[in-house]
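Here the structure is laid out as structure tokens; the discussion comes afterwards.
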Amino acid sequence: MRKAVCDKQKTIKGAWTKQEDQRLINYIQAHGEGSWRSIPQAAGLLRCGKSCRLRWINYLRPDLKRGNFTEDEEDLMIKLHALLGNRWSLIAGRLPGRTDNEVKNHWNSHMKKKLQSLGIDPNNHRLNHARPCQHHKGSATCHGSHNNVHLHRNKEEVQVDSDVSSKIEKVGCSLPDLNIGIPPLHAP
DNA sequence: AAAAGAGACAACCGCGAGTGT
DNA sequence: GACACTCGCGGTTGTCTCTTT
């Protein structure tokens, strides 16, 4: 049994204050990201490294794009989710300025409902039989609704991280009912 | 105007993978 | 090979804000 890293010392939990944010920003700007475990102490924060990392990645990073998702981003998110399932970090990697947490939250609160309203099961991207095909504005067809695009997490089954693009190509070919046109990977 | 409910988002937790010794 | 440790991910929960009654 491994001990939780954050239990080892007295750490603050809950919402971050502006002062804490500023300390973390100042430290990372001066020293880089480095070892998250040592950052809290070095930056003078009573937070665990995990919490610092999360705060930086999801909120403080200068390259983050705040605000609503555009239609293009949502479109791409749907396509990527059809391919990758709940691999939010991979999906976020294709949406510049977006974080996995942001993508995950947006999916759970907005996109699920959006897909359901279009008669699409948000889990497997199949058309629901209850709804007629013409109500779906996408290109999926009824006869193709038996395709299940869920990809297993097991790395022996699919090597996602190494080359997403090649997998997209492969999966896209095997899923004629999913109009998956994924743009090339953006530079970080 | 106040209370209740719903929605959105930030943050935490536990686990698995990767790496060094 | 076994172990210890850190990092990163996805699921879940907590809390704040907005909307409805």
Side-chain angles (χ1 to χ4, degrees), chain A residues 1-25 27-28 31-71 73-74 76-118 121-125 148-164 167-168 185-186 188:
Chain A
M1 273 295 176
R2 236 182 341 181
K3 255 189 168 178
V5 175
C6 296
D7 290 343
K8 286 184 176 177
Q9 60 190 36
K10 196 109 183 158
T11 55
I12 298 172
K13 287 182 185 175
W16 280 64
T17 65
K18 285 187 176 170
Q19 288 91 337
E20 287 178 308
D21 283 346
Q22 203 51 55
R23 273 177 185 267
L24 186 57
I25 291 168
Y27 181 85
I28 291 178
H31 302 93
E33 292 185 18
S35 161
W36 289 110
R37 185 174 164 72
S38 60
I39 281 178
Q41 198 178 7
L45 291 164
L46 292 173
R47 298 274 179 173
C48 72
K50 238 178 164 178
S51 183
C52 292
R53 179 187 157 270
L54 208 66
R55 184 66 178 169
W56 174 254
I57 288 174
N58 288 333
Y59 201 80
L60 300 175
R61 249 169 46 195
D63 59 327
L64 287 182
K65 190 197 289 180
R66 312 296 302 179
N68 295 336
F69 281 74
T70 64
E71 264 191 46
E73 285 177 316
E74 290 189 341
L76 182 55
M77 199 192 300
I78 292 168
K79 289 168 183 171
L80 288 167
H81 188 270
L83 281 171
L84 304 169
N86 294 356
R87 261 107 121 204
W88 306 116
S89 61
L90 284 174
I91 295 172
R94 295 221 153 209
L95 294 166
R98 302 297 187 184
T99 69
D100 53 353
N101 209 32
E102 203 177 5
V103 170
K104 178 172 58 183
N105 282 335
H106 190 73
W107 181 267
N108 287 329
S109 55
H110 293 88
M111 302 307 291
K112 272 188 176 178
K113 286 173 201 161
K114 192 173 178 178
L115 288 182
Q116 275 164 351
S117 75
L118 294 169
D121 186 331
N123 296 315
N124 56 20
H125 297 260
N148 185 348
V149 297
H150 175 74
L151 295 168
H152 299 283
R153 198 174 177 180
N154 191 329
K155 68 176 176 185
E156 275 124 6
E157 292 179 63
V158 179
Q159 284 197 337
V160 178
D161 307 64
S162 59
D163 190 351
V164 178
K167 190 172 72 61
I168 284 167
L185 185 62
H186 300 280

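Chain identifiers are assigned alphabetically (A, B, ...) following the order of the sequence lines, protein sequences preceding nucleic acid strands; residue numbering begins at 1 within each chain. Everything quoted here is computed from the prediction, not taken from an experiment.
- Using five terminal pairs a side, the axes of the helix from B:dA2-C:dT21 to B:dT21-C:dA2 at its two ends make an angle of 0°, given in steps of 10 degrees.
- In this model, the phosphate group of C:dG11 is approached by a side-chain N or O of A:Trp88 to a distance below 4.0 Å at OP1 or OP2.
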Under-3.5 Å N/O pairs linking protein and nucleotides 15-20 of chain C:
none

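- Dashed line: the shortest gap from a side-chain N or O of A:Ser89 to OP1 or OP2 of C:dC9 is under 4.0 Å.
- Going from atom CE of A:Met111 over to atom CG of A:Leu115 covers 5.5 Å, rounded to the nearest 0.5 Å.
- With sequence neighbours excluded, the residues that form a side chain to side chain donor-acceptor pair (under 3.5 Å) with A:Asp21 are A:Arg55.
- At whole-Å resolution of the value, CG in A:Asn108 and P in C:dG11 are 8 Å apart.
- A:Lys114 NZ to A:Ile78 CD1: the interatomic distance, rounded to the nearest 0.5 Å, is 5.5 Å.
- Between the CD1 atom of A:Ile12 and the C1' atom of B:dC12 there is a distance of 15 Å, given to the nearest Å.
- Applying the side chain to side chain donor-acceptor pair (under 3.5 Å) criterion to A:His110, with sequence neighbours excluded, gives A:His106.
- Qualifying side chain to side chain donor-acceptor pair (under 3.5 Å) partners for A:Trp36, counting only residues two or more places apart in sequence or in other chains: none.
- For A:Arg53 and C:dG10, the CZ to C1' distance is 11 Å, given to the nearest whole Å.
- Evaluation of the side chain to side chain donor-acceptor pair (under 3.5 Å) rule for A:Asn58 yields A:Thr99 as partners, not counting sequence neighbours.
- With sequence neighbours excluded, the residues that form a side-chain contact (heavy atoms from CB on, under 4.5 Å) with A:Lys65 are A:Glu73, A:Arg98.
- Residue A:Lys112 contributes atom NZ, which lies 12 Å from atom C1' of C:dT12 at whole-angstrom precision.
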Quick one: which protein N/O atoms are closer than 3.5 Å to N/O atoms of nucleotides 4-11 of chain B? Pair and distance per line, please.
from	atom 1	to	atom 2	distance (Å)
B:dA8	OP1	A:His110	NE2	3.2
B:dA8	OP2	A:Ser109	O	3.1
B:dA10	OP1	A:Arg66	NH2	2.8
B:dA10	N7	A:Asn105	ND2	3.0
B:dA10	N6	A:Asn105	OD1	3.3
B:dA11	OP1	A:Trp16	N	3.2
B:dA11	OP1	A:Arg55	NH1	2.8
B:dA11	OP2	A:Arg55	NH1	2.2
B:dA11	O3'	A:Gly14	O	3.4
B:dA11	N7	A:Asn101	ND2	3.2
B:dA11	N6	A:Asn101	OD1	3.1

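- If you measure from atom NZ of A:Lys50 to atom P of C:dC5, you get 15 Å, rounded to the nearest angstrom.
- For A:Trp36, the side-chain atoms get nearest to C:dG8 when compared with the rest of C:dT12, C:dG10, C:dG8.
- Residues A:Tyr59 and A:Arg66 come closest through the heavy atom pair CE1-NH2, 3.4 Å.
- Residue A:Ile91 holds its CD1 atom at 7.0 Å from CG of A:Asn86, rounded to the nearest 0.5 Å.
- Not counting sequence neighbours, the partners of A:Tyr27 by the ring-ring contact (aromatic ring centres under 6.0 Å, His included) test are A:His31.
- At C:dC9, none of the side-chain N or O atoms of A:Arg87 fall inside 4.0 Å of OP1 or OP2 (strictly under the cut-off).
- To the nearest 0.5 Å, atoms CD (A:Gln22) and CG (A:Leu24) are separated by 9.5 Å.
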